[in-house]
Amino acid sequence: MTHRFDGLPFRPADILLPAGCDMTKWSVVACDQYTSQPEYWARVERFVGSAPSTLHMILPESSLDGPNVETDIMDVTNTMSRYLREGVFQERPDALVYVERTLSSGQVRRGLVGMVDLEDYDYEAGSAARIRATEGTVLSRIPPRVAVRKNAPVELSHVMMLTDDPEGTVIAPLAGARGHMEPLYDFDLMEGAGHVRGWLLGEGEQEQVAAALRALADPEAFRARYGGEDLPVMLFAVGDGNHSLAAAKACYERQKERLPRESWGALPARYALVELVDLHDPSLVFEPIHRVLFGVDPEALLRDLKEAYPGSYEGTGEGHVLRYVHAGGAGAITVPKPSARLPVATLQTFLDRWLTIYRGRIDYIHGEEVAAALGAQPGDLAFLLPAMGKEELFPTVIHDGVLPRKTFSMGEAQDKRFYLEGRKIR
């Protein structure tokens with residue numbers, strides 16, 4: 001392991017990249033996108049065909065409840081092994097990759113691909129770990145992802161890790177060093193999702209990154225910034241992919257149980273591939289994640305919502321305004337004097353209770369137009385939520401703990417991280 005990163009939770013990795021492939025077909029969007037739009041994944045399957053692709057090494061979340069899920073997982077594992085055997089991958093040892101992703105809006109999001117130490121990550125509420133979840137983790141979503149990962153020889157990552165770096169000390173300087181770094185890839189992403197370019201960091205760039213991270217992780221500087229004596233340092237917050245990271249953690253913990261402590265550091269499963277992004281990157285926009293209920297009686301649910309919060313009323317006013325759309329029209333319910341900090345917490349607390357009593361399915365949808373269109377179908381109901389200011393994220397998680405699950409999304413679905421780099425985990 002590179003000594004300059006010793007003691008830090010982020011470091012270089014032995015990164016796998018495809019060799020001689022059609023990169024546009026190789027790279028596909030995160031598995032937890034378009035879960036209620038199967039036509040998207042059908043188009044991707046037709047476009048990719050039998051070409052080498054990360055599509056053949058992942059299982060879209062919409063397929064996790066399918067009748068052939070066990071066979072699908074075996075196919076994923078076998079494809080990974082075959083790609084390794086046939087030389088589809090080229091390994092870049094001890095590597096960090098600087099990424100520029102041109103989004104569908106035309107803005108450029110800058111990131112840095114490396115790996116994090118899962119010993120430094122904890123998704124539990126109230127965690128004091130250096131890497132923390134930003135939102136509540138749905139424990140039921142971890143086992144299916146563990147089933148995909150536990151026997152996989154390769155990991156592909158859609159995890160985006162955030163650092164609160166307002167001075168731009170970690171990633172921003174790499175833009176000026178592109179002329180000194182080796183280009184790795186440069187191609188258009190499928191489905192109109194923009195463009196992506198990547199460069200391999202040299203020794204000097206790695207040294208700069210390590211020094212900048214050490215400065216951000218300094219306990220005295222951290223406490224001076226966020227307030228509070230003996231406040232444990234939170235260096236990174238998980239922006240996207242928390243459940244995939246939680247599954248990686250679960251797989252690592254399972255391996256630890258069977259091995260002596262002195263061997264844990266050598267386990268490939270101890271680490272997980274991520275892309276590090278600065279919270280203050282201008283392209284990084286926090287979008288709300290909307291709720292859509294399927295197979296429900298919208299009027300009855302809305303009536304129950306108002307009864308659950310005495311004093312609630314139709315229309316907008318002071319308090320938490322919960323906008324909705326269903327086949328009968330659109331409107332809003334205002335919950336005055338809410339006990340929760342955010343509207344999403346008020347809504348999610350009710351929905352969690354309601355769904356334990358009544359039948360129905362909930363999905364979490366990126367994009368107001370998509371959510372509204374789904375909610376307008378007979379028997380469905382959409383709640384359209386407001387966005388959260390990204391400057392609130394680190395202070396809220398540090399002082400109050402995790403946010404309600406699915407509170408925010410970093411951009412629309414097409415701007416999510418695409419699978420591209422990989423790493424051996426067995």
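- Between Arg101 atom CZ and Met160 atom CE the span is 8.5 Å, to the nearest 0.5 Å.
- No side-chain donor-acceptor contact under 3.5 Å links Tyr252 and Asp117.
- Between Glu257 and Arg254 no salt bridge is recorded (no basic side-chain N to carboxylate O distance below 4.0 Å).
- In this model, a donor atom of one side chain and an acceptor atom of the other lie less than 3.5 Å apart for Asp363 and Ser36.
- With hydrogens and angles left out, the side-chain atoms of Glu100 and Tyr98 include a donor and acceptor closer than 3.5 Å.
- The side-chain contact (heavy atoms from CB on, under 4.5 Å) search around Ala172 returns none, not counting sequence neighbours.
- A salt bridge between Glu182 and Arg178 is absent, with no side-chain N of the basic residue lying under 4.0 Å from a carboxylate O of the acidic one.
- Partner of Glu155 under the salt bridge (charged side-chain N to carboxylate O under 4.0 Å, His left out) criterion, chosen from Lys150, Arg426, Lys424, Arg423: Arg423.
- Ser127 and Arg132 are not linked by any side-chain donor-acceptor pair at a separation below 3.5 angstrom, with hydrogens and angles left out of the test.
- A salt bridge is defined here as a Lys NZ or Arg NE, NH1 or NH2 lying under 4.0 Å from an Asp or Glu carboxylate O, and Arg110 with Glu275 fails to meet this definition.
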When the side chains of residues 43-52 are checked against the rest of the protein, which donor-acceptor pairs come out under 3.5 Å, sequence neighbours left out?
{"unit_1": "Arg43", "atom_1": "NE", "unit_2": "Glu191", "atom_2": "OE1", "d": "3.3"}
{"unit_1": "Arg43", "atom_1": "NE", "unit_2": "Glu191", "atom_2": "OE2", "d": "3.1"}
{"unit_1": "Arg43", "atom_1": "NH2", "unit_2": "Glu191", "atom_2": "OE1", "d": "2.8"}

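- For His290, there are no ring-ring contact (aromatic ring centres under 6.0 Å, His included) partners two or more places apart in sequence or in a different chain.
- Atoms CD and CD, from Gln206 and Glu203 in turn, are 6.0 Å apart once rounded to the nearest 0.5 Å.
- Screening residues 72-89 for salt bridge (Lys or Arg N to Asp or Glu O under 4.0 Å) gives Arg82-Glu86 as the qualifying pairs, with residues at least two apart or on separate chains.
- Donor-acceptor pairing under 3.5 Å is lacking for the side chains of Glu287 and Ser409.
- Sorted by first and then second residue, the ring pair (Phe, Tyr, Trp, His ring centres under 6.0 Å) pairs involving residues 397-426 (not counting sequence neighbours) are His158-Tyr419, Phe286-Phe408.
- The aromatic rings of Phe89 and Trp26 lie perpendicular to each other, with more than 60° between the two planes, well past the 30° mark.
- Arg270 and Gln255 share no donor-acceptor pair across their side chains, judged by distance under 3.5 Å alone.
- Using a 4.0 Å cut-off between charged nitrogen and carboxylate oxygen, Asp94 and Arg11 do not count as a salt-bridge pair.
- For the pair Thr24 and Leu189, the minimum side-chain heavy-atom distance is 4.5 Å or more.
- Under the 6.0 Å cut-off for aromatic ring centres, Tyr271 and Trp264 do not qualify, their centroids lying 6.0 Å or more apart.
- Taken from CG in Asp164 to CG in Leu235, the straight-line distance is 10.0 Å, to the nearest 0.5 Å.
- Judged purely by distance below 3.5 Å, without hydrogens or angles, the side chains of His320 and Thr346 pair a donor atom with an acceptor atom.
- For residues 215-245, the pairs satisfying ring pair (Phe, Tyr, Trp, His ring centres under 6.0 Å) are Phe222-Tyr226, with sequence neighbours left out.
- Taking the six-membered ring where the residue is Trp, His326 and Tyr324 present parallel rings, their angle staying beneath 30° rather than reaching 60°.
- The residues Asp281 and Arg109 are annotated as not salt-bridged, no charged nitrogen and carboxylate oxygen being separated by less than 4.0 angstrom.
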